[in-house]
Amino acid sequence: MKKAIFTMSIVISLMACDSPQRTRNPYGVPLPAEISTSGNGILDTNPDSNIVDADPNVGTTTPTNITAGFDNCNLAYQYYNSFIGHFGICQSSQVDTQFKIKIAQADAVEGNCFVPTYIMPDGTSYKLGRAECVRNEADKEYDMTLSKERSETINGVMVIKYNALGPYMDCMNAKVNFLTAFPNYPEADANIYAANVCSQFVNTFRNYYIQVKL
């Protein structure tokens with residue numbers, strides 16, 4: 001596994017997600033209220049994640065004891081983020097939606113979220129499905145199934161704190177929702193709008209996430 005750096009280049013090829021963040025429109029026309037939010041994106045209007053409590057009887061995002069494809073799983077703490085801490089993650093070699101995770105730092109309040117992504121050869125990426133989140137205990141192994149809404153094989157995971165998830169989804173959906181709101185505007189304008197939204201996300205939450213290349 002290798003770490004991948006999340007950069008603003010992600011926004012040019014964005015295709016799917018949830019409501020965009022209310023932000024300054026570079027063309028002076030506000031987005032319609034029905035597809036705008038208060039700035040918290042899906043966390044306020046259209047939840048796109050599951051939070052799982054860190055109770056021993058509840059603390060997995062899927063039924064426990066998933067074993068298929070994990071013969072060579074190594075959950076050593078090879079990844080690190082200053083807010084998430086050290087963590088390990090394994091993907092099943094047989095089913096691309098199934099994972100095992102372990103996080104060194106407990107978070108029983110806010111939670112950590114995992115979003116399936118497809119990372120292209122040039123380093124840009126887009127999300128493939130919904131986020132799965134867990135309020136985790138320290139050093140506990142969790143089984144997790146990530147839901148896909150697209151056909152591409154999951155080859156990356158955005159690991160992000162729950163309080164940054166909404167703005168991340170805003171970024172991921174900015175282009176699509178601009179074109180929905182302004183169907184007569186050229187795609188280049190949607191790219192500029194998306195770049196502004198994603199720039200705001202990166203500048204504000206750069207320490208709250210890490211994208212893992214599988």
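As the structure is a computational prediction, the values presented were derived from the model and not from experiment.
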Trainee: Atom CG in N81, atom CD1 in I160: separation rounded to 0.5 Å?
Mentor: 9.5 Å
Trainee: What are the two closest heavy atoms between E149 and R130, and how far apart are they?
Mentor: OE2-N, 4.2 Å
Trainee: Is T204 reaching over with its side chain to a backbone N or O of Q200, donor-acceptor style, under 3.5 angstrom?
Mentor: yes
Trainee: Identify the residue among V134, L75, V159 that makes a side-chain contact (heavy atoms from CB on, under 4.5 Å) with I101.
Mentor: V134
Trainee: Can you name the nearest heavy-atom pair linking A106 to A138, along with the distance?
Mentor: CB-N, 3.6 Å
Trainee: Name all residues meeting the ring pair (Phe, Tyr, Trp, His ring centres under 6.0 Å) criterion together with Y208; count only those two or more places apart in sequence or in a different chain, and write none if there are none.
Mentor: F83, F205
Trainee: Decide whether S125 and Q211 meet the rule of one side-chain donor and one side-chain acceptor closer than 3.5 Å.
Mentor: yes
Trainee: Would you say K148's side chain and E152's backbone share a donor-acceptor pair under 3.5 angstrom?
Mentor: yes
Trainee: Parallel under 30°, tilted from 30 to 60°, perpendicular over 60°: which one fits the rings of F87 and F114?
Mentor: perpendicular
Trainee: Nearest 0.5 Å, please: how far is NZ in K213 from CG in N155?
Mentor: 5.0 Å
Trainee: Measure from the side-chain N and O atoms of S92 to the backbone N and O of Q94, and report whether any donor-acceptor pair falls under 3.5 Å.
Mentor: yes
Trainee: Give a yes or no answer on whether the side chain of K161 reaches the backbone of N163 with a donor-acceptor pair at less than 3.5 Å.
Mentor: no
Trainee: Quick check for you: to the nearest 0.5 Å, what is the distance between N191 atom CG and L179 atom CG?
Mentor: 8.0 Å
Trainee: Measure the spacing between OG of S93 and CG of D71 and express it to the nearest 0.5 Å.
Mentor: 6.5 Å
Trainee: If I take atom CD1 from residue I103 and atom CD from residue E141, how far apart are they, to the nearest 0.5 angstrom?
Mentor: 12.0 Å
Trainee: Should L146 and V157 be marked as a side-chain contact (heavy atoms from CB on, under 4.5 Å) after you check the CA-CA gap, both sets of side-chain angles, and the distance that decides it?
Mentor: CA-CA 10 Å; L146 296 180; V157 176; 4.2 Å; yes
Trainee: Below 4.5 Å, heavy atoms only, C-beta onward: do M120 and Y126 meet side chain to side chain?
Mentor: yes
Trainee: For Y77 versus G88, what's the shortest heavy-atom pair and its separation?
Mentor: CD2-N, 3.7 Å
Trainee: Going by heavy atoms in the side chains, are I154 and L214 under 4.5 Å from each other?
Mentor: yes
Trainee: Please give me the minimum heavy-atom distance between A164 and P167, naming the atom from each residue.
Mentor: O-CD, 3.4 Å
Trainee: Taking the cut-offs as 6.0 angstrom to the six-membered ring centre and 45 degrees off its axis, would you call K100 and Y142 a cation-pi pair?
Mentor: no
Trainee: Indicate yes or no for a side-chain donor-acceptor contact from Q78 to the backbone of I89 under 3.5 Å, with no hydrogens or angles considered.
Mentor: no
Trainee: Nearest 0.5 Å please: distance from the OG1 atom of T180 over to the CZ atom of F182.
Mentor: 10.5 Å
Trainee: Do we see a donor-acceptor contact under 3.5 Å between the side chains of N136 and N112?
Mentor: yes
Trainee: Partners of K102 by salt bridge (Lys or Arg N to Asp or Glu O under 4.0 Å), sequence neighbours excluded?
Mentor: none
Trainee: Evaluate side-chain contact (heavy atoms from CB on, under 4.5 Å) for Y168 paired with M158, printing each intermediate quantity in order.
Mentor: CA-CA 10 Å; Y168 169 68; M158 175 63 76; 3.7 Å; yes
Trainee: Considering only heavy atoms from C-beta outward, does the side chain of D189 approach that of F178 to under 4.5 Å?
Mentor: yes
Trainee: Is there side-chain contact between V115 and M169, with at least one heavy-atom pair below 4.5 Å?
Mentor: yes
Trainee: Is a donor on one side and an acceptor on the other found under 3.5 Å between the side chain of D107 and the backbone of G111?
Mentor: yes
Trainee: Walk me through it: do E187 and K175 pass the test side-chain contact (heavy atoms from CB on, under 4.5 Å)?
Mentor: CA-CA 8 Å; E187 185 173 345; K175 179 177 178 179; 2.6 Å; yes
Trainee: Identify the heavy atoms of P116 and G129 that sit nearest to each other, and give their distance.
Mentor: CG-N, 3.7 Å
Trainee: Indicate the ring-plane relationship of Y209 and F201, choosing parallel, tilted or perpendicular according to the 30° and 60° boundaries.
Mentor: parallel
Trainee: Quick one: do V202 and L165 end up in the same hydrophobic cluster if we chain Ile, Leu, Val, Met, Phe, Trp and Tyr together by side-chain heavy atoms under 4.5 Å apart?
Mentor: yes
Trainee: Within the supplied structure, the quantity of interest is the number of heavy atoms (other residues, nucleotides, ligands) at a distance under 6.0 Å from N203 CG; does it exceed 12?
Mentor: yes
Trainee: Do the side chains of Q91 and F70 get nearer than 4.5 Å, heavy atoms only?
Mentor: no
